[in-house]
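Just so it is clear, the values below take in all heavy atoms, side chains as well, and ignore hydrogens, waters and symmetry mates.
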Amino acid sequence: MSVPVDFAVFAAVFLFVGIGFVFALWFFYERREALLNDSRRIKTVFCCIKCGLIYERGRRRETSPCPHCGFNNSRLKF
């Protein structure tokens with residue numbers, strides 16, 4: 001009980017499935033990269049004026065104590 005399928009129909013279906021698969025992979029990796037960059041973007045970088053240590057903290061903060069010497073520093077502005 002096989003159904004005869006024209007080659008043009010088979011090729012079109014194969015092509016659309018392939019293109020759909022490529023777009024699905026593209027969407028998945030773009031979304032993954034956006035989520036990874038969001039976690040990096042919300043970190044704030046600080047430079048300790050007292051000991052010179054460069055460190056980062058999560059979330060957006062204006063001041064943070066240095067983990068090495070405890071001096072309270074303001075965030076770096078680029």
Side-chain angles (χ1 to χ4, degrees):
M1 298 195 92
S2 64
V3 177
V5 178
D6 188 28
F7 179 73
V9 174
F10 176 75
V13 168
F14 188 73
L15 182 67
F16 285 126
V17 168
I19 290 173
F21 181 71
V22 169
F23 277 118
L25 284 176
W26 173 61
F27 179 76
F28 171 75
Y29 282 109
E30 283 292 321
R31 185 70 184 143
R32 181 176 169 251
E33 184 178 345
L35 291 173
L36 290 175
N37 285 339
D38 283 346
S39 67
R40 291 184 198 138
R41 187 177 47 197
I42 60 175
K43 291 184 180 178
T44 306
V45 179
F46 297 92
C47 181
C48 183
I49 298 170
K50 191 173 182 182
C51 69
L53 179 71
I54 297 176
Y55 59 100
E56 65 182 14
R57 296 282 187 216
R59 297 181 292 177
R60 297 194 181 265
R61 299 180 182 182
E62 290 298 317
T63 61
S64 176
C66 176
H68 186 259
C69 67
F71 187 76
N72 200 18
N73 298 291
S74 61
R75 70 181 179 95
L76 287 177
K77 296 179 182 176
F78 296 101

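Counting all heavy atoms, side chain and backbone alike, Asn73 lies closest to Cys66 at ND2-CB, 3.8 Å. Here the closest non-hydrogen pair linking Tyr55 and Ser64 is OH-O, 2.9 Å. Minimum heavy-atom separation, Pro65 to Arg57: O-NH2, 3.3 Å. Of all the heavy atoms in Cys48 and Phe71, the pair that sits closest is SG-CB, 4.2 Å.
In terms of hydrophobic clustering, with Ile, Leu, Val, Met, Phe, Trp and Tyr side chains grouped at heavy-atom distances under 4.5 Å, Phe23 and Tyr29 are assigned to different clusters. Note: the hydrophobic cluster containing Phe16 does not contain Phe27 (ILVMFWY, side chain heavy atoms under 4.5 Å, direct or indirect links).
Between Phe14 and Phe10, the two ring planes are parallel [angle under 30°; tilted spans 30° to 60°].
With Arg75 as the fixed residue, the side-chain contact (heavy atoms from CB on, under 4.5 Å) test singles out one of Val45, Thr44, Thr63: Thr44. The one candidate from Glu33, Arg32, Arg31 that meets the side-chain contact (heavy atoms from CB on, under 4.5 Å) condition with Leu35 is Arg31.
With rounding to the nearest 0.5 Å, the separation of CZ in Phe46 from CD1 in Ile54 is 12.5 Å.
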